[in-house]
Each structure stands twice: as C-alpha cells, then as structure tokens.
Amino acid sequence: MRIILPLFSGSWRHGLWRAFALSALVLLGSHVAYAQQMMAKGARSSARSGQSSGQSAKSNSKSKSPLPSVKAWRMADDYTAADTAVVDTILAEHQVNNPIWRKSLSCVTLGNLGSPSMATFYPAVRRDYGNVFYNSLKLQTLDPEDFTFYNTVTPYANLTYQKGIPKAQREEFFSVLFTQNVNRKWNIGTKMEINSSIGRYEAQGVSNFKMGFWSSYDGDLYGMQLQAWYQKFDIEENGGISNDTIILHPELYDYDKAQDVPVQFMNAGNRLASYRLLLAQKLDIGAVTRSEGDSVDVDVPVATAFYKFYIDRSHHEFSIGDLSAYSDDDNIQLPGVFINPSYTHDSRKYMLVSNLFQLKLNEEFNSLLRFGLRAYVGSDVRQYYWDDESEVAYDEETEEPYLVFRRNGKNRVSSYVGGQIFKNIGERLRWNAGVRFVMQGYDAGDLRADGNLDVTIGSGRWATGLWGKAVYSLRTPTLWEESFTSNHYEWNVNLEREQNLDISAGLRIPGVGIEVSAFSSTLSNRVFFASDGTPSQKDDVTQVMGVYARGHFVQPRTGLNSIIRLAVQKTSDNDVVPAPSFALTATSYWERLFFGVLLTQIGFDVRFNTSYYSPAYIPALMQFVPQSERKTGGYGYFDPFINFHLKKIRAYVKYEHVNNHWGSNDYFHTIHYPANPATFKFGLSWNFYD
C-alpha cells in the first residue's frame, strides 16, 4: 500500500509536488503581473479610441461588486443557457473548509478530509447513472454542471492554502486558479487542487489531485465552451476502527492517542482516476431587427444550433497487499475470495462517450408569445471493463487451486430525443417544461419529464421569489448495478426499472435573508446497495418528504450575525433512503471593522443531526450500505473560529470539534468511523484581479 504523506513533506514524491507548486506560483505571479500591464495598456488604448472592452471605466468605478472586473456563470439546460454564478469573495462561512458541508446539510463521511462521503439530506443526494463507483465521491468530483466559466476585464487569479494540525497527522489543501481574456470575447483559464491528509487514525490517508483547463468564446454568431479535467483520488482504506467501544468508553482501554487505536485494514486502498473532456458549440441562425426601449434596434437570432461532445473515462482499482492477515471470521467486510487468495488487485474501467445535437428557437425572436422552444437528439455509448473469473490454476508452493481472472467487457448504447418549452427572460416570471425519451438501446423506454416555475412578487427589501419544480423519471439500472465480479464480491441480479416522482416548492426573500422550501418524493423500485454489498430493490414504494429553512439574521448595531440552516425530513424506509429526521448547521459571529480596513468575524459553528441507522461503508466497493448494528448521530460539533478580510486576502483560524474534550464520546459519522478528534486549522485565500 502506498504511503500518503503531507503536501509539503520531505518525501521525494511530494518534494516534486512542492517544487511544482512553487514553480507554478512564480510563473503565475510573473504572468499575472505581465498580463495586468498588457491589459492596462489595452484599457488605456481603448479609452483613448473611445472603444468599449466589455465595461466602461465609469461603470467600473461605480460598481459595488467585490470583483467588478470578473463575471462568472454556469451552463444549464444541456449547455444551452447560462446562469450567473457568484465569485467566492464573501467572508461569511469562509471557515467551512470541507466541501461536503457546503453541499449538504447532513452527510455520512469517513472523517478525514477528502475521504468518501454521502449526502443524507435528500435534496442534496446525487447518484451517478453510469459508474456506481463515483457515488461515494459525488460531493467532491467536479461534474460538467458544476463548472464555472469566466469573463474578465483584467486577469483574475486565486491562491488558497489550508492546513490542519497536529503535525504528525496533518492535512493540507492547496489550490491555484488563473483566468484571463485573450480578447473581449475569448477567455481561457486553468485550475489545480491538491488535498493531502494523513488522518488522525492509522491507514486513513487521502491524496486527491485535480487539474483542468477551460476556455469559452462568445462571438456574434458562434460560441464555445471547452473544459478538460483530470481528477485522481488515492484513498487508504482502514475499514474503520476494530472496536467502537474504544472511543465510546476510553477508560476501559489504554490508548493515549488516536493513531494507537487498532483498525481493520493496514494495507488496503482505493484509487479512482478520471479524465473528462467536454466541448459545447453553438451557432446562431438567421436574424431579425427589433426595437427595444427607446427605439434602440437590436439584431435577434431566429434560432441557435448546438452541439455538445462529452467523454468521461475512469479507472478504478482496489488493492489489498496481503490477504493472509485477514480471515472471513475476523472481518465481515471480506465475505469471500473469488479470484486470487493471496492478494487483491481489482481493476475496473468505465467510459462514456456522448453526442448531443440541439436546435433552439429563441424567445427573443418570438415577440408575440414570448417563449422559446428547444428540440434535441443524442446518443450515449458506455463501455464497462472489469475482472472476471476464468480458469483454475495451482499455487506452485502449496499446490492449492485458485481462480485466474480475465478481463470482461460490455458496451451499452442508447439513443434519445427530447424537447423543452421555456421562458427564461424576464424579472417577474420564468418557467420551463421538458421531456426526454430513450427510443433505442438497452434503456429504451426510459423517460424524464420535468417542469419549473419561478415567480417574483413585491419589490424592494420584501421582494419574494416563489418557485416550484416537479420531475418524473423512469430509469433502467446500469450494467454494474445488475452484473459485477471482483475478488470479494459478485452478483448477477435482475432489477426492475426505477420510477421516481420528485416535487418541491419554496420561497426566498433575499432582502431579509430568508429561504423556506418543502419537498416530497415517491420512489418505486429504487436501486440501493443492500447490507451484504449487492444491489437490491424493494417492492414497496418509498416515500421521502421534508422541509428546509435558511435564515441570515443581522443586528447592525451590535454586529451580531447568525446564519441558520435546518431541515426536518422523514423517510419511510431508511435502508433505501437513509436520512436523519432533523439536521442543523448554525454559524454565529460578531463582526467588526478594525482600523478601517481589517474586517474581523469572531464566532462559532454548530453542526448537529438526530441519531439514526447511518449507512455503513464497504471499502472493496466504495459503497455506503444499510446497517442495523447501532445508531449514530445525536451529537453536536462545536467549532470556534476567527475570520479576517484585508483587501483581497481572506484568512481564518478555527479549533474544529473543540467539544471533543468534554461531554459524550459518541462522535461517529457511521459505525467504525469516528469523527476526527479536536483539530486546529487555519486557511488563507488571496484574490488577484487588478
């Protein structure tokens, strides 16, 4: 099993990363300085000639945006529409350094930063409908719909560094982002993230790496978005601690430190590497001249043609160096050996190749009815490769028989059509409705129909947004949900088509910082991994419902702030959809501006969910499964912090899980995986944009 060390350690491998990171910083700094000089010259030249470069100097000087020279957006509706995104410059909640707690109100996690996790707040649950081994990393992987594109007047860069101690079990996170415009219409950028965490318990190390490039072009007739990403997750798997009682009742044992607690595995690990490439292009067709406002003539395209090409290729390995140390009786996570009795080196590969052609009749052109139409046709090709048993061989020393694996592979192809009617322009009313139908392939007959409504009423501080969403879907289970073989697990099951109906609605009042929503889902034949690690379904309908609320409350005179998120949810079957009945996160802080420039926040975070039978984790499958051994939860985490904001720099220091020093010891996210003991952390984020 490879040893995972901190980012800036003395090992040769991470020494190379250190050299690379420092080199990148030097190159980035020089590039930013040079680009800023060139952009400044260009801006002065444009000002003299009376030309505009996206924003006038006057509008920039009056803008109250923290990044007036940077615009950001994400693509929606199969890359046919752009949604404005906010560049992360806000100080509030900057100290929440683990991305899983930003994406879900409650989670199951193995405790260490960057380790597998799963959302247990139902609206945040995300499943991969191709490669099931992505599921425990969905809160950390960067999917196409999560990607942010930029347009900048001046180059924009961000450096982020975070660290947790004690030194012997420290964790480090480093990221660098750089983007700039080549000209007014064409932007390029790159980003790198490195997370290296040893963990507080033995054999718990994580080393995750992400690096990507993007480009976007928005011309008069032609537009393009390009992104290419490499993501690698190296995870040491200790199977959890060998006995939860060691944490629950430490007085019964003689273990002084967390790293002394025995764990189930010492030489096991998962590696998942993913390569992703997406190219989306558009071409405007036809144009009409229309008057708007004060008789200003604008050219409006009649229609737009789109083409999206996407490749997702991943390679997943699970390894155990020496199986002789483990027996079926001692470890329930190894139910048997199907291929090799000496060691495990399971390997599986997955690739998706997707092509999508779309034609949109733009709502700007439809001045009479003021809605647009979109129709599309697409195809998906999925390739699966995995280890399979083949023939009997004999050990040269013991002459005992064992199975020699061979590579098995299958392709699955599907073609689909769809359409959408929409109204995306307007400040008061927006809506859309669409349907997608698979007409050919292994999942022929699959269907997805959805509708969205967004209405704004009132004005000023009490302007209220009302929204509703409904999604009905029929889904055929994927190949690996029905058939799979590895060294310790195998199954070949017949699964029925899933049928899901999700309905949600809510309101938001940005002026007073309040948001409330409700959700209800009816799930038939929901596929889930059972407690024995095999995919399963239940004939009964599973019902999930709940309410969510968020509020940001401010007392201007005292500078006291409270940001509260809470959810109440109910699931009819905790095996199929695990969910605590109540979850809460709260951030409270006192805010003060010192010396006219140093914004300071002093406060604390609280995180809590009620006890429930949280999903257990199977390392050999990277899956969370039901368990009935005991409940976890009912424990609150308390993290005091101090945030600082000085011009373009944000920083924080915090003492995470400080209440580990007093009160209950039942701080488990799930069985066998306790949360990290009290940890001191600090972080720094530095923006460069002018």
Side-chain angles (χ1 to χ4, degrees), residues 7 17-32 35-36 66-67 69-75 79 82-90 94 97-100 102-103 113-114 137-152 154-162 172-182 186-196 206-217 224-234 272-280 310-312 314 648-650 683-689:
L7 176 63
W17 279 122
R18 177 173 58 184
F20 174 76
L22 292 176
S23 300
L25 287 175
V26 174
L27 291 173
L28 178 62
S30 61
H31 193 177
V32 168
Q36 288 174 345
L67 293 181
S69 60
V70 181
K71 295 181 180 179
W73 69 92
R74 292 178 179 175
M75 300 302 296
Y79 270 64
D83 282 343
T84 301
V86 178
V87 181
D88 184 18
T89 59
I90 300 175
H94 175 61
N97 65 308
N98 194 329
I100 69 173
R102 289 179 173 266
K103 295 181 179 180
L113 180 67
L137 297 173
K138 291 296 285 185
L139 292 175
Q140 302 182 62
T141 55
L142 183 65
D143 294 328
E145 61 270 21
D146 303 324
F147 197 84
T148 302
F149 294 93
Y150 298 87
N151 188 281
T152 65
T154 62
Y156 169 61
N158 174 268
L159 300 177
T160 299
Y161 179 73
Q162 299 170 350
E172 290 182 285
F173 174 84
F174 172 76
S175 74
V176 53
L177 177 151
F178 175 75
T179 182
Q180 75 170 78
N181 273 42
V182 178
W186 181 18
N187 176 272
I188 58 174
T190 184
K191 185 176 183 179
M192 178 182 68
E193 292 184 2
I194 303 174
N195 172 49
S196 179
V206 172
S207 179
N208 299 340
F209 174 75
K210 302 176 187 177
M211 187 168 187
F213 165 84
W214 69 85
S215 180
S216 64
Y217 179 82
M224 173 273 294
Q225 292 89 32
L226 170 69
Q227 54 171 287
W229 275 92
Y230 171 70
Q231 304 177 92
K232 179 177 67 69
F233 300 86
D234 272 319
L272 196 152
S274 171
Y275 307 83
R276 294 179 174 181
L277 172 67
L278 184 145
L279 174 63
Y310 178 57
I311 292 181
D312 178 2
S314 63
K648 303 168 190 175
I649 300 175
R650 291 175 297 165
L684 174 72
S685 179
W686 195 340
N687 286 317
F688 303 85
Y689 52 86

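Position 1 is the first residue of the sequence; numbering continues from there. Given the structure is predicted, the values throughout are model-derived calculations rather than measurements.
- A donor-acceptor pair shorter than 3.5 Å cannot be found between the side chains of D312 and S314.
- Nearest heavy-atom pair, D146 versus R74, reported as atom, atom and distance to 0.1 Å: O-NE, 3.4 Å.
- The closest side-chain donor-acceptor pair between E172 and Y161 falls under 3.5 angstrom.
- With F173 as the partner, the side-chain contact (heavy atoms from CB on, under 4.5 Å) test is satisfied by one option alone out of N98, N195, N97, I194: N195.
- The shortest heavy-atom contact between K103 and L139 is NZ-O, 3.0 Å.
- Looking only at side-chain heavy atoms (C-beta outward), L278 and F147 stay at 4.5 Å or farther from each other.
- Between atom CZ of residue F688 and atom CG of residue N158 there is a gap of 8.5 Å, rounded to the nearest 0.5 Å.
- Counting all heavy atoms, side chain and backbone alike, S685 lies closest to H94 at CB-CE1, 3.7 Å.
- Between V206 and L113, the closest side-chain pair of non-hydrogen atoms is not below 4.5 Å.
- By the 4.5 Å heavy-atom criterion applied to side chains, L277 and Y275 are not counted as neighbours.
- Atoms CZ and OH, on R276 and Y310 in that order, are 4.0 Å from each other to the nearest 0.5 Å.
- One finds a salt bridge joining D88 and R650 here, because a Lys/Arg side-chain nitrogen approaches an Asp/Glu carboxylate oxygen to under 4.0 Å.
- Side-chain atoms of W214 and T148, non-hydrogen and from C-beta on, never get closer than 4.5 Å to each other.
- A 6.0 Å sphere centred on CD1 of I90 holds no more than 12 heavy atoms belonging to other residues, nucleotides or ligands.
- Panel note: side chain N181, backbone T152; a donor-acceptor pair is recorded below 3.5 Å.
- Between the side chains of S216 and N151, no donor-acceptor pair of N or O atoms lies under 3.5 Å.
- Judged purely by atom type and a 3.5 angstrom limit, T190 uses its side chain to pair as donor or acceptor with the backbone of G212.
- Side-chain atoms of T179 come within 3.5 Å of backbone atoms of I188 as a donor-acceptor pair (strictly under, hydrogens ignored).
- Using a 4.5 Å heavy-atom cutoff, the side chains of T141 and K210 are not in contact.
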Output side-chain donor-acceptor pairs under 3.5 Å for residues 226-233, partner residues at least two apart or in another chain, one line each.
| unit_1 | atom_1 | unit_2 | atom_2 | d |
| --- | --- | --- | --- | --- |
| Q227 | NE2 | Y79 | OH | 2.7 |
| Q231 | OE1 | L142 | N | 2.8 |
| K232 | NZ | D234 | OD2 | 2.9 |

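- Checked against side-chain hydrogen bond (donor to acceptor under 3.5 Å, both in side chains), Q162 has no partners two or more places apart in sequence or in another chain.
- Side-chain contact check for Q180 versus Y150: every heavy-atom pair is 4.5 Å or farther apart.
- Atom CZ of F209 sits about 11.0 Å away from atom CZ of F174, to the nearest 0.5 Å.
- Every residue was checked against the ring pair (Phe, Tyr, Trp, His ring centres under 6.0 Å) condition with W186, not counting sequence neighbours, and none meets it.
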